[in-house]
Every structure is written in structure tokens, then in C-alpha cells.
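If you're wondering where the values come from, they're calculated on a predicted model, not measured in any experiment. Within every chain, numbering begins at 1; the chains are lettered A, B, ... in the order of the sequence lines, protein sequences first and strands thereafter.
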Amino acid sequence: MSDIQEQKASIAITLPDGTVRTFASGSSGFDIALSIGKRLAEDALAVTVNGKASDLYAPIEHDSAVEIVTFDTPLGRDIFWHSASHLMAQAIEELFPGSRFGTGPATEQGFYYDIASEHRFREEDLRAIEKRMLEIGKRNILLQREEMSREKAVEYFSGVRNDPYKVEILEDTLKNVDTVSLYHQGEFTDLCSGPHLPSTSKIRAVLLTNISSSYWRGDSSRESMQRIYGIAFPSEKLLREHVARLEEAKRRDHRKLGTELELFMLSPEIGSGLPVWLPKGAIIRSELESFLKEEQRKRGYMPVYTPHIGNIGLYRRSGHYPYYSESQFPPLTYHDEDGHQEQYLLKPMNCPHHHLIYSSKLRSYRDLPIRLTEFGTVYRHEQSGELNGLVRARGFTQDDSHIYCRPDQLVAEICNAIDLTQFVFSTLGFSEVQTRLSMHDPANQEKYGGTAEVWKQAEKDVREAADRMGIEYFIGIGEASFYGPKIDFIVRDAIGRKWQLGTVQVDYVMPERFDLSYIGSDGQKHRPVVIHRAPFGSMERFIGVLIEHTAGNFPLWLAPVQAIVLPIAEEVQDYAKSVHAALLAAGIRAEIDTRSEKIGKKIREAEIGKIPCMIIAGQKERESGEVSLRRHRQGDMGSFTVSGLVEMLRKEITERT
RNA sequence: GCUGAUGUAGCUCAGUCGGUAGAGCACUUCCUUGGUAAGGAAGAGGUCAUCGGUUCAAGUCCGAUCAUCAGCUCCA
């Protein structure tokens, strides 16, 4: 008896730094935070108790490890934004009575809520909703958790709240759950597992960013709802920083920079989603291609070329045509006078052509691995709403290779492909790379080709290679392609956004479909394994990402114009021209600005044009036989002899630094 | 493809109540010959995305189409 009372009276709380403190049983996370510091208690949004997120004021009854959750952590932001979505719903309910609410989760960059309303939300409404949200914040309404049986909740949401969407969630998604939780904040109540902020007053800055539509439960056969996106912060300052980041992203937008720097164009007269490389962009692409070709030559790849169209039978055989027919350009149909018909497909993939090259002659086990490589342009009819500059196009070029190897060579070949991909990324300045092992979803078997054993083996090989390379990875269930598991490389760019670029894929299915074989040491036919791999992925997409990553400030080896000679006055133009000629002779992409403008203006324009080297030639330089160098975004670098400068730049170019 | 927004000079954008289009930058020519992010002047540049409708009259109002943007869905 007394023991039980003793236990109830006090509990031991272990903090993240390992210290243990004693509190009265039933103390809340807030009490704990307050005992650590006033500032922490103010910043506290919620707690984790033995790793499980919980409300800040929920009583803690037992000894546990407790962590105070603040906005600085991913969990803290998730809880904050989730509560902000409830706050937005409350504001919308107050301003637009009769609105019904679907789901309103936090996302990586804020939150949204799906709303069914008679009212068509417009931009002006967002400002009014923001205002009301802040006003409700000031009311300092406490959020109250209430648990009830699912049946009671159904009654509550069909009666009191009259929200059919919540009822559907209760009766479908949650049909196996006995007890559910509701969160009340003033007049507003939402079905939610929580946890939530203790009070609406934590939300002090709000930005509603856009309105779009979504289908109820993501199902295009269900009704369309209005989705309002937003983001919220505990202070004005954090919001301002967020807005500054958005503006930075806008400044780096590859579509904007691509036009300004004359890298590529898109024109409805050519066709939607069909980018055209302008001379300056073509230089970047060609430099990247040369770089990879050079590297692949060292690694035993053999270049091939294949046509842009292929008989439709080829793609029926590979499975691409039936599987992806809705995202391909329709087949080209050819009839001759005898009524004979042939159908061709603009190639959506390079692999079938490569497989036929492989099987064009008898292969010995001694020949393997065979690594065929091609910058192969493919065409896919992406949905119109998906198109996005270079990043998502309908015609694009893959740095596509297919490696045909024996099963005993497979893991080593995957490792080689991983190594090449990592080399490419590090050369291009993507220092932060995440790796995803994209596995199949056993619950969705009809999505995939091949047998269960084949998948088991392929996934084991992929894992083994990733382990052998010592890379950190995470698993993506359901991310595999239809013919096999993948290793996908996701880079983080200079302003923290993630992009999926390179890929290495294992394929036991295509060798079967194309009846690929080699003669083993036993004199018998054996089935090779295929690796599909593309470090850049798509040249268009990669360069699009590279533009945003570098903000158009390309390293010297990639810069379309590497140097521009700027004569100070007409009197020194002949000298400047001789410098220009020397640069050209050294293979440096150089221009010269002989306009009768002042040097300040020439420099300004070269800076805006993001030209890495400005080479200034005036009377002083002519006398000494030197030039003065100004580097883009760095300023004056001093004087150099022409030959010294050329040598320095050539070194930087060949080393690709 | 779906929902919403947008489309005016090479670029960025004005254009009121429906009355035949305007700025800045860029471009061309001339003046200016200079020292590390904008020297001056003049000129040229437009079937207002396309097609149709309403109207005496359409950049402006209505409809369709095309394209772009933000999301949704998809991504071999």
C-alpha cells in the first residue's frame, strides 16, 4: 500500500543529456521544461515520452525518458504546422461557415488543409484567413484532447460537427480502431491523433501560399476539394527568413536563368516539353558529356548509337509499351500499297535497342561484363501539368548504359556503377547525397514483372553492393521499377532542396524477355544479368538542377563563356585583341567587348552575365605586357602575364575544380 | 489529364469606365575614350497568345483553343 503511494508520489525523469530528475507523478512536460529553464518552457511545443510524441500538458505517470520538443526539430515543426492547419481550419470556419474539412496534415514545408466549400477561395481570401488565424492565436485558446470510442466520434462528427469527411475517415481508415482522439480549440474540433501545441498563441506568423485542388482521398473518381497551403512560425523573424529563402529559390529558378543566360528555350511552335539547347547551353551539355565519356572510357564502357524510333514489337517485348502506353507518344503507323502495316514508337527507353546489340552475336562468359553506353534521347508523353522546364520534359537525353554481366560479377558491377555516380556528383559539387534502395512492394505484386525468387535475389544483390560500398541508405518500399530494384541518388542543392538524379537498377527480367544468353565455361547457355545505370539521369534534368544549384555561376570548365577581354579605351583595342586571340588559341572560350562603353559598364554586364574571368586590358597593362584579372563575384585578382594567365586557367579547366 | 491563375516590345512590367498601345532594360546610330557593377542623345521595335462572339467601337467583355505557372495525380 505504502509502496504504491510512494510510486505515485514521485517519478524519475531521464533527460536527453542522461541526467535523471525526480518529479511528482502526473507532472507534465511543461513542468519538466520549466524546471530546466524559463526559456525552454516558453519554446516547448510538446514532449516525447520514451520516444513517443505527446502533448506538453499531458500528465506523465511513470518513470520515463523525456525530451522537450521545440520548433528547432523536425518533430517540433511537424507538430507546429499540423496545429497551424487546425488553426487555419478554425479561421476558415469562422469566416466561411459551412465549410467542411477533409485532411489537414503537416508537410515538409508547412501544411495544407483540404476543404469542401461553396465558396471559391481566392488570393484575397488568404490574406483575410491569415489575419483571422493570427487573431485566434492572440485569443490564446488552449487545445484540449478528448478521447472517445469510435462510435461516439462518428455520432459527434455526423451530429454536432456535421462533417461527412471525418465520418468517412472514422468508418473507413479507422474502422479497426476502438478509441480515437479529438482536439478541441474553442468552437472548432478536429479528429486527430495529435499531439498538438498547448495553445493557439504559439503561432505568431502565418503565410498562406497557394490554393490548388485535390481529390478527396487522392482518388480522381471522388469529388474535388480546394486545398490551401501555408506555413507558420513561432516568430515574425523566422517567417521573414523563410520568405527570403523562397525568393532565393525564385532567383535561382532554372527556367528564369536559362532564358537570361541564353542556355535553352522552350517554344510552343516546337512543342510543349521539348527543350531546345541554345549555343551557350549546348556548351555546358557537351562539356558534361565529354566528361562522362572520358570517365567511362577509363572504366571499360563501349559507346554505341541507336535510332530514335523502334518497331513497336520491341517495346511490346520489353513490356514498356503495354505498361507505360498512356505516357508515350502514340505509335507512328506506316501502310504500304499492299495493305501491309508497320508501327513504330518514338523510343521511350534505350534498353531494348541495347539488348539487341548484345544478342547480335554469340557472347562468351569471357566477354562479360559488356558495358554498352549511349547518350540516348527518349520521348515520353508526360502529362501536361507535369512539365517543368528542363526538369520535366517530353524529349530528353539519358546518359544510359546497360551492363551485361554474369551473376558472379553483378555485385562488383553495381559497386562500379555506384562509384562512378559518386565521382560524377562530387565533381559537380553536390556534396550532400542521399541514397535510396528502391524496393518492390510485396502488397502490390501485379505492378512488377519477374518471379518472387528473382526479386528476392535482385534486392539482396542491391543491398550487398550498397553495404560493400559503405554507403548510408534508406529503403523505399514500392519505389522499384517494374523490372527490378534500384539504387537512387538524391542530392541536396545549395539551398537545401532535394532532387533525385542518378540511378543504378538491377534487372533479371529483361534478359528473360529478350532471351539474352552467354556461353559459360561449361559450354552451356546461361542468362546474363543487366544493370541499367545513369549517373546524370537525364542531361536536361541534371543541367536544370545544376543551374539552380550553382545559381548560374558555373565552374570555369563548364562556363559557356569562360573569359571576356575588356579593353579600357579604344587606344588599347589592338592589344586587347591580341590577348583575346591568345586565349582562343589556348582553347579558352573567350569573348571581347570592344564597345565604346566605360569599363564600369562592361564589368557590370560581364558580372550579370556570370562570366567567370574578366580580363582587363588598359594602357598600364599594355606597357607591362600583362593583363589584370577580375574573377566573377570575387573582384580584382591582380596582374598576370598573358601566358601565366592562360596556364592558370587551363589548369583550372582540366582539373575541373 | 484534373483544379485554379496567367498570357501586352527580346526581357521585366504599366495600360482607368470598352474609344486604334506605354515605361525601364536590351538593341541600332551618333557623341563620348574612360581604370574594376549602369556616360549622354537620337532611333527602331507591337496582328496586345490564337480563333471566334457581343458591340458603332475590344488589349479591355464572353467562349473555345494553345502555352506557361501553382498544386493534384504520374514518373520505365
Side-chain angles (χ1 to χ4, degrees), chain A residues 107 112 114 120-123 209-221 223-229 250 253 255-256 259-260 262 265-273 315 318-328 347-352 378 380-389 391-392 398 400 447-449 479-484 486 488 500 503 505 507 509-510 532 534 537-538 541 566-573 595-609 614-621 628-638:
Chain A
T107 63
Y112 65 80
D114 284 344
R120 265 263 156 249
F121 289 99
R122 308 181 60 86
E123 198 68 27
T209 45
N210 54 55
I211 309 164
S212 74
S213 80
S214 65
Y215 299 115
W216 170 233
R217 316 193 85 185
D219 180 348
S220 58
S221 68
E223 63 266 43
S224 178
M225 301 184 79
Q226 302 183 70
R227 176 172 294 183
I228 300 184
Y229 284 84
K250 223 172 169 180
D253 190 314
R255 292 164 299 191
K256 184 170 138 69
T259 307
E260 281 171 11
E262 298 179 1
M265 61 178 247
L266 288 155
S267 153
E269 284 162 290
I270 294 166
S272 166
Y315 293 98
S318 70
H320 289 107
Y321 184 66
Y323 194 84
Y324 291 105
S325 57
E326 78 294 338
S327 58
Q328 286 165 5
K347 74 174 170 186
M349 276 303 269
N350 300 301
C351 21
V378 296
R380 297 177 187 174
H381 192 90
E382 303 289 358
Q383 295 182 43
S384 59
E386 276 309 319
L387 301 176
N388 178 270
V391 164
R392 198 73 189 272
Q398 297 177 309
D400 208 0
K447 240 182 94 177
Y448 308 99
E479 303 279 355
S481 77
F482 77 88
Y483 52 68
K486 310 185 283 178
D488 291 314
Q500 188 186 319
T503 178
Q505 312 179 354
D507 181 0
V509 174
M510 290 300 148
H532 308 239
S538 133
R541 181 178 166 81
L566 307 178
I568 283 181
E570 198 153 346
E571 189 203 332
V572 289
Q573 276 200 12
R595 294 173 308 162
S596 67
E597 293 291 349
K598 288 170 120 173
I599 192 68
K601 177 152 185 170
K602 292 183 183 180
I603 286 172
R604 177 181 155 80
E605 287 182 8
E607 288 282 356
I608 289 169
M614 285 151 276
I615 293 165
I616 291 149
Q619 289 88 337
K620 221 163 60 189
E621 286 78 8
S628 115
L629 172 66
R630 178 191 166 101
R631 290 298 297 249
H632 173 50
R633 302 202 305 163
Q634 292 180 50
D636 196 347
M637 310 296 282

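Within 4.0 Å (heavy atoms only), Glu571(A) reaches no atom of the nucleic acid at all. No engagement by Thr209(A) is indicated, since no non-hydrogen atom pair under 4.0 Å with the nucleic acid exists. Note on Pro348(A): a base of the nucleic acid sits closer than 4.0 angstrom, heavy atoms only.
Here the C1' atom of nucleotide G1(B) and the CZ atom of Arg380(A) are 18 Å apart, to the nearest Å. To the nearest angstrom, P of C75(B) lies 10 Å from CD of Glu382(A). The nearest whole Å value for the distance from the CG atom in Asp114(A) to the P atom in G4(B) is 15 Å. Taking atom CZ on Arg227(A) and atom C1' on C72(B), their separation rounds to 7 Å, with Å as the unit. The OH-C1' distance, from Tyr323(A) to C74(B), rounds to 11 Å in whole Å. Protein atom CD of Glu621(A) is 11 Å distant from nucleotide atom P of U36(B), rounded to whole Å. Between the P atom of G35(B) and the CG atom of Leu566(A) lies a distance of 14 Å, rounded to the nearest Å. Separating the CD atom of Glu262(A) from the C1' atom of A26(B) is a distance of 11 Å, rounded to the nearest angstrom.
Partners of Ile603(A) by side chain to side chain contact (heavy atoms under 4.5 Å, CB included), not counting sequence neighbours, listed by chain and number: Leu566(A), Ile599(A), Glu607(A), Met614(A), Ile616(A), Arg630(A). Listed by chain and number, the residues in a salt bridge (charged side-chain N to carboxylate O under 4.0 Å, His left out) with Asp114(A) are Arg227(A) (sequence neighbours excluded). A search for salt bridge (charged side-chain N to carboxylate O under 4.0 Å, His left out) contacts involving Glu597(A) returns nothing, not counting sequence neighbours. Judged as a side-chain hydrogen bond (donor to acceptor under 3.5 Å, both in side chains), and not counting sequence neighbours, Gln328(A) has no contacts. Residues passing the side chain to side chain contact (heavy atoms under 4.5 Å, CB included) test with Gln634(A), sequence neighbours excluded: Arg631(A), Met637(A). In this view, Ile608(A) and Arg604(A) satisfy the side chain to side chain contact (heavy atoms under 4.5 Å, CB included) rule, not counting sequence neighbours. The side chain to side chain contact (heavy atoms under 4.5 Å, CB included) search around Gln226(A) returns Ser117(A), Arg120(A), Phe121(A), not counting sequence neighbours. Looking at residues two or more places apart in sequence or on another chain, you find a salt bridge (charged side-chain N to carboxylate O under 4.0 Å, His left out) between Arg255(A) and Asp253(A).
Lys486(A) has a side-chain polar atom (N or O) that falls below the 4.0 Å cut-off from OP1 or OP2 of A76(B). Between Tyr229(A) and C72(B) there is a side-chain polar atom (N or O) within less than 4.0 angstrom of OP1 or OP2.
Using P as the reference atom, G4(B) and C62(B) are 15 Å apart when rounded to the nearest Å. Between the C1' atoms of A21(B) and G45(B), the separation comes to 13 Å (whole Å). Remark: the separation of the C1' atoms in U55(B) and U12(B) is 34 Å, to the nearest Å. Rounded to a whole angstrom, the distance from the C1' atom of C61(B) to that of G18(B) is 8 Å. For U8(B) and C48(B), the C1' atoms lie 4 Å apart once the distance is rounded to whole Å. Taking atom C1' on both U47(B) and A9(B), the two are 14 Å apart, rounded to the nearest angstrom. Atom name P, nucleotides A37(B) and A41(B): the rounded distance is 23 Å, in whole Å. Straight-line distance between the P atoms of A58(B) and C51(B): roughly 14 Å, to the nearest whole Å.
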Dot-bracket for RNA chain B, 5' to 3', Watson-Crick and G-U pairs with both distances under 3.5 Å, [ ] for crossing pairs, | for partner on another strand, reads (((((((..((((.....[..)))).(((((.......))))).....(((((..]....))))))))))))....

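Closest to the Met349(A) side chain, of the nucleotides A67(B), C27(B), A76(B), is A76(B). For His320(A), the side-chain atoms get nearest to A76(B) when compared with the rest of A76(B), G34(B), A67(B). Closest to the side chain of Asp636(A), from the set U36(B), C66(B), A26(B), is U36(B). Listed candidates were A37(B), A76(B), G34(B). Nearest to the side chain of Arg604(A) is A37(B).
Without hydrogens or angle criteria, Tyr323(A) side chain to Lys447(A) main chain gives a donor-acceptor distance under 3.5 Å.
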Could you pull out the protein-nucleic contacts involving nucleotides 39-44 of chain B (nitrogen or oxygen on both sides, under 3.5 Å)?
{"residue": "G39(B)", "atom": "N7", "partner": "Glu597(A)", "partner atom": "OE1", "Å": "3.3"}

List every contact pair, protein side and nucleotides 68-70 of chain B side both N or O, where the distance is under 3.5 Å.
{"residue": "U68(B)", "atom": "OP1", "partner": "Ser272(A)", "partner atom": "OG", "Å": "3.4"}
{"residue": "U68(B)", "atom": "OP2", "partner": "Ser272(A)", "partner atom": "OG", "Å": "3.2"}
{"residue": "C69(B)", "atom": "OP1", "partner": "Arg255(A)", "partner atom": "NH1", "Å": "2.9"}
{"residue": "A70(B)", "atom": "OP1", "partner": "Arg255(A)", "partner atom": "NH2", "Å": "3.1"}
{"residue": "A70(B)", "atom": "OP2", "partner": "Arg255(A)", "partner atom": "NH1", "Å": "3.4"}
{"residue": "A70(B)", "atom": "O2'", "partner": "Asn210(A)", "partner atom": "ND2", "Å": "2.9"}

Below 3.5 Å between N/O atoms, which protein atoms pair up with nucleotides 7-9 of chain B? Just atom names and distances, please.
none

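In this structure, the separation between CG on Leu629(A) and CG on Asp636(A) is 8.0 Å, given to the nearest 0.5 Å. In this structure, the separation between NZ on Lys602(A) and CZ on Arg595(A) is 7.0 Å, given to the nearest 0.5 Å.
Ring orientation note: the planes of Phe482(A) and His320(A) are nearly perpendicular, at an angle over 60° on the 30°/60° scale.
Side-chain contact between Ser628(A) and Lys620(A) is absent, with no heavy-atom pair separated by less than 4.5 Å. Side chains of His532(A) and Lys486(A) form no contact here, defined as non-hydrogen atoms less than 4.5 Å apart. Pro348(A) has its side chain out of reach of His381(A): every pair of non-hydrogen atoms, C-beta onward, lies at least 4.5 Å apart.
Below the 3.5 angstrom threshold, one finds a donor paired with an acceptor across the side chain of Arg392(A) and the base of C74(B).
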Determine, step by step, whether Ser481(A) and Gln505(A) satisfy the side-chain contact (heavy atoms from CB on, under 4.5 Å) criterion, reporting the C-alpha distance in whole Å, the side-chain angles of both residues, the deciding distance to 0.1 Å, and the verdict.
CA-CA 8 Å; Ser481(A) 77; Gln505(A) 312 179 354; 4.3 Å; yes

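The ring of Tyr324(A) lies on top of the base of A76(B), close enough and flat enough: under 5.5 Å between centres, under 30° between planes.
Considering every non-hydrogen atom in both Ser272(A) and Leu387(A), the closest pair reads OG-CD1, 3.1 Å.
For the pair Met225(A) and Gln619(A), nearest-nucleotide mapping onto RNA chain B gives the more 5' position to Met225(A). Nearest-nucleotide positions on RNA chain B place Arg633(A) closer to the 5' end than the other of Ala480(A) and Arg633(A).
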